[in-house]
2 protein chains.
Amino acid sequence: MSSKKPTIKDVARLAGVSFKTVSRVVNNEAWVSDDIKTRVQAVIAQLNYQPNRTARLMRTAPFSLAFVYDNPNSHYVIEMQNGILSQCRQKGFELVIHPTDSHSGQVLQELTTIIGSNQVGGVILTPPLSENRELVQQLLAQQAKVVRIVSGSAPPDDLCPTIYVDDEQAGFNITRHLLTLGHRRIAFLGYHKDHQSSLGRYRGYCAALHEAGLTVSEQLVLAGDFTFDSGVAMTEQLLQRGDKPTALFGCNDEIAAGALFTARMHQLAVPQDLSIVGFENSPFSRQTWPRLTTVHQPNAEIAAKAAALLISLMLENEAQTEHCGFELQLVLRDSVSIL
Amino acid sequence: MSSKKPTIKDVARLAGVSFKTVSRVVNNEAWVSDDIKTRVQAVIAQLNYQPNRTARLMRTAPFSLAFVYDNPNSHYVIEMQNGILSQCRQKGFELVIHPTDSHSGQVLQELTTIIGSNQVGGVILTPPLSENRELVQQLLAQQAKVVRIVSGSAPPDDLCPTIYVDDEQAGFNITRHLLTLGHRRIAFLGYHKDHQSSLGRYRGYCAALHEAGLTVSEQLVLAGDFTFDSGVAMTEQLLQRGDKPTALFGCNDEIAAGALFTARMHQLAVPQDLSIVGFENSPFSRQTWPRLTTVHQPNAEIAAKAAALLISLMLENEAQTEHCGFELQLVLRDSVSIL
DNA sequence: AAAATTTATGTCAACGTTGTCATGTGTTTA
DNA sequence: TAAACACATGACAACGTTGACATAAATTTT
């Protein structure tokens with residue numbers, strides 16, 4: 001085959017027209033005679049010409065967006081990514097992936113590079129990055145288009161379009177569910193002071209207990225992160241003490257799975273001896289035994305909405321700040337018993 | 001703040017030098033006096049200048065690569081993606097994500113666009129796309145740089161650098177492991193005629209049985225795909241027949257998890273009443289109860305190697321065809337009993 | 001001290017597109 | 001039948017960068 005990729009000029013030469021005319025055909029502009037149009041299209045097909053997107057990018061707005069996240073191993077990420085991707089494909093955008101370490105202190109630098117170098121037209125930020133108000137402001141100061149996904153009953157401010165997910169309400173609902181079934185000693189696994197989702201779920205947990213006239217026992221609130229191993233560790237800790245809880249609220253499904261595993265280790269039957277609920281409705285939550293009662297978090301939808309907002313932000317140039325809230329639904333399965 | 005992003009010329013004007021000199025500073029070229037260098041760097045910092053990568057791209061080779069995959073919901077993908085990403089960051093490359101539907105018939109068209117439009121310098125192909133020889137050839141014909149990840153004891157041909165993963169050997173090993181423990185009726189779940197990994201594992205399974213002087217019973221080979229639900233369905237089918245197997249070889253961990261679930265539904269204790277093995281060593285395979293005996297498939301490493309090969313292909317211009325094979329190791333856990 | 005060489009900087013074209021404007025053609029309007 | 005207008009095409013600059021080459025100053029060699 002030929003050595004170089006054909007350019008718009010090669011097409012023009014072969015079709016016997018100016019390269020501008022080819023450009024018109026490629027971009028479906030008006031004022032091109034059908035005659036020439038078909039002739040040019042024939043040459044395009046013949047040469048298998050593909051417009052050079054990079055060159056085009058020098059004259060037009062970027063058509064790529066970046067997905068920035070921190071916790072690369074979670075389902076969360078892949079589901080979000082799929083949601084974003086669905087929007088991207090629909091609207092002809094490209095997706096560039098950017099994991100970061102939010103503790104590295106280089107995040108601002110990295111994001112500045114991504115944005116400043118013009119390769120992407122905007123970024124989607126997820127927690128904990130999205131909850132760093134200062135960071136968002138600094139990105140915005142660089143004319144970046146930003147959409148963030150955060151935990152909350154409402155967007156924290158009007159800096160930029162924001163998708164907010166009501167963890168508190170869901171935490172309330174699932175705790176109340178346990179209370180309704182007669183549980184009184186309910187442990188909360190996965191409290192994390194720097195983690196808004198955790199805090200939101202915790203607030204909901206507390207509110208539900210209060211509503212039932214109960215107080216929150218410090219003994220029953222365990223700090224940890226959102227992993228299976230952490231779930232194992234917290235549950236171990238809990239089961240070694242006297243006065244065991246009758247139900248566990250795992251801050252996410254992985255913690256709950258760790259709890260399930262540990263309960264089994266201790267010969268406790270779930271849900272007969274111990275009820276366990278999770279949060280997120282990740283794929284494996286219906287593959288455990290028993291299947292986990294949990295809260296459905298529509299990650300793909302959430303992220304798709306974020307992508308849709310970002311894309312419209314990139315397309316229309318007005319700095320709109322449309323927000324969008326998500327309520328989370330309980331998913332009742334088999335890991336909870338009536339007390 | 002200012003309205004436009006600063007360009008190299010803005011920096012030059014403020015520093016009182018030619019824009020070419022700024023370019024030299026930015027790219028760390030030789031023959032720049034320290035005096036001017038520091039002056040220019042100061043202005044760069046002051047303006048927060050970021051080189052426009054798009055413009056740079058018009059003169060240099062692409063610094064992005066595409067990851068093309070088909071099955072968006074598997075762990076497989078996220079692990080591979082992480083592996084690729086680690087290489088990308090190390091070498092300063094960007095990653096663009098491209099899920100496709102290999103059955104859509106548009107794959108070639110899509111990939112042609114990606115490659116032809118010059119936004120990426122190469123693609124990493126995974127099964128089943130990577131196993132479509134014709135597709136690979138057509139991409140190669142367009143001067144695309146391609147690295148593929150396939151199943152096999154050796155690369156199928158020398159079209160392009162290839163990472164091959166020895167499913168057959170691993171399938172042999174894990175089957176022999178079951179045989180060594182005394183199992184004779186071993187079912188194979190997840191046979192799929194269009195799926196090279198499945199076929200490789202199946203060949204290994206057959207070879208191990210033959211080595212032990214056994215014949216492959218058609219009754220015990222169930223066709224299905226690599227999902228939990230498929231695992232459930234196949235196991236159901238198996239358990240409804242008389243003459244049950246003593247062990248199940250799930251073609252991947254999801255199938256094995258489905259089998260585990262179904263066994264529990266049927267009041268069968270694993271591994272006492274039924275042994276189950278999986279394949280892939282996905283995160284949840286050590287979170288099930290009992291923990292799954294499986295084969296470790298180092299997806300991140302495999303993909304990282306693929307990315308490394310692709311990047312070196314993009315950097316040095318010679319059309320090398322270096323290959324790389326991976327052997328898979330058994331991971332012995334708790335889902336298998338001695339018979 | 002002239003010539004050659006090294007070092008430091010600048011000028012300008014090119015990359016492949018799209019946007020602006022100019023220049024044609026016909027075809028309608030006055 | 002001239003003027004106005006729609007339509008169709010082309011010339012050329014611009015986007016922000018890098019590479020090839022030119023030039024000037026400083027240093028070394030003859």
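The chains referred to below are lettered A, B, ... by the order of the sequence lines, with proteins before strands, and numbering in each begins at 1.
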Enquirer: Can A/Gln106 and A/Asp101 be said to form a side-chain contact (heavy atoms from CB on, under 4.5 Å), step by step?
Expert: CA-CA 8 Å; A/Gln106 298 203 347; A/Asp101 177 8; over 6 Å; no

Enquirer: For DNA chain C, whose closest nucleotide is more 5', that of B/Val32 or that of A/Thr60?
Expert: B/Val32

Enquirer: Mind calculating the distance between NZ (A/Lys37) and C1' (D/dC7) to the nearest angstrom?
Expert: 14 Å

Enquirer: Does the pair A/Phe226 and A/His195 meet the rule for a ring-ring contact (aromatic ring centres under 6.0 Å, His included), with working shown?
Expert: CA-CA 10 Å; A/Phe226 282 25; A/His195 196 319; 4.4 Å; yes

Enquirer: When you check the side-chain N and O atoms of B/Lys91 and B/Gln87, is any donor under 3.5 Å from an acceptor?
Expert: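 Present: a donor and an acceptor within the cut-off.
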
Enquirer: If the threshold is 4.0 Å, N to carboxylate O, is there a salt bridge linking A/Arg39 and A/Asp34?
Expert: no

Enquirer: Rounding to an integer number of Å, can you tell me how far B/Phe63 CZ sits from D/dT17 P?
Expert: 12 Å

Enquirer: With respect to the side chain of B/Glu29, which nucleotide from D/dA14, D/dG19, D/dC7 is positioned closest?
Expert: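 That would be D/dG19.
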
Enquirer: Could you tell me the separation between the CH2 atom of B/Trp31 and the P atom of D/dC21, rounded to a whole number of Å?
Expert: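 Rounding to the nearest Å, CH2 of B/Trp31 and P of D/dC21 are 18 Å apart.
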
Enquirer: How long is the line joining NZ of A/Lys20 and C1' of D/dT9, in whole Å?
Expert: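 After rounding, the reported distance stands at 11 Å.
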
Enquirer: From the 5' end of DNA chain C to its 3' end, which nucleotides mark the outer limits of contact with chain B, defined by a 4.0 Å heavy-atom distance cut-off (strictly under)?
Expert: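 Nucleotide range in contact with chain B: C/dT7 to C/dG16.
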
Enquirer: For a quick check of understanding: with a heavy-atom distance under 4.0 Å over all strands, which category does A/Val26 fall into, base, sugar-phosphate or nothing?
Expert: nothing

Enquirer: Check A/Glu110 with B/Arg89, please: is the shortest side-chain N to carboxylate O separation under 4.0 Å?
Expert: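 So B/Arg89 pairs with A/Glu110 through a salt bridge.
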
Enquirer: Below 4.0 angstrom, which residues in residues 40-57 of chain B have at least one non-hydrogen atom near DNA chain C?
Expert: none

Enquirer: Please evaluate residues A/Asn299 and A/Gln297 with respect to the criterion side-chain hydrogen bond (donor to acceptor under 3.5 Å, both in side chains), reporting the C-alpha separation (whole Å), side-chain torsions for both, the decisive distance (0.1 Å), and the verdict.
Expert: CA-CA 6 Å; A/Asn299 290 320; A/Gln297 189 172 329; 3.1 Å; yes

Enquirer: For the atom pair OG1 (A/Thr7) and CZ (A/Arg13), what is the distance rounded to the nearest 0.5 Å?
Expert: 7.0 Å

Enquirer: What's the closest nucleotide to the side chain of A/Arg24 if the choices are D/dT9, D/dA13, D/dT17?
Expert: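 Ranking D/dT9, D/dA13, D/dT17 by closest atom to the A/Arg24 side chain puts D/dT9 first.
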
Enquirer: Checking all strands, does A/Asn27 fall into the base, sugar-phosphate, or nothing category for heavy-atom contacts under 4.0 angstrom?
Expert: sugar-phosphate

Enquirer: Would you say the side chain of A/Leu65 lies within less than 4.5 Å of the side chain of A/Ile84, judging by non-hydrogen atoms?
Expert: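 Yes, side chains in contact.
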
Enquirer: Look up atom OG in A/Ser102 and atom CG in A/Leu125, then write down how far apart they are to the nearest 0.5 Å.
Expert: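 Here the interatomic distance stands at 10.5 Å.
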
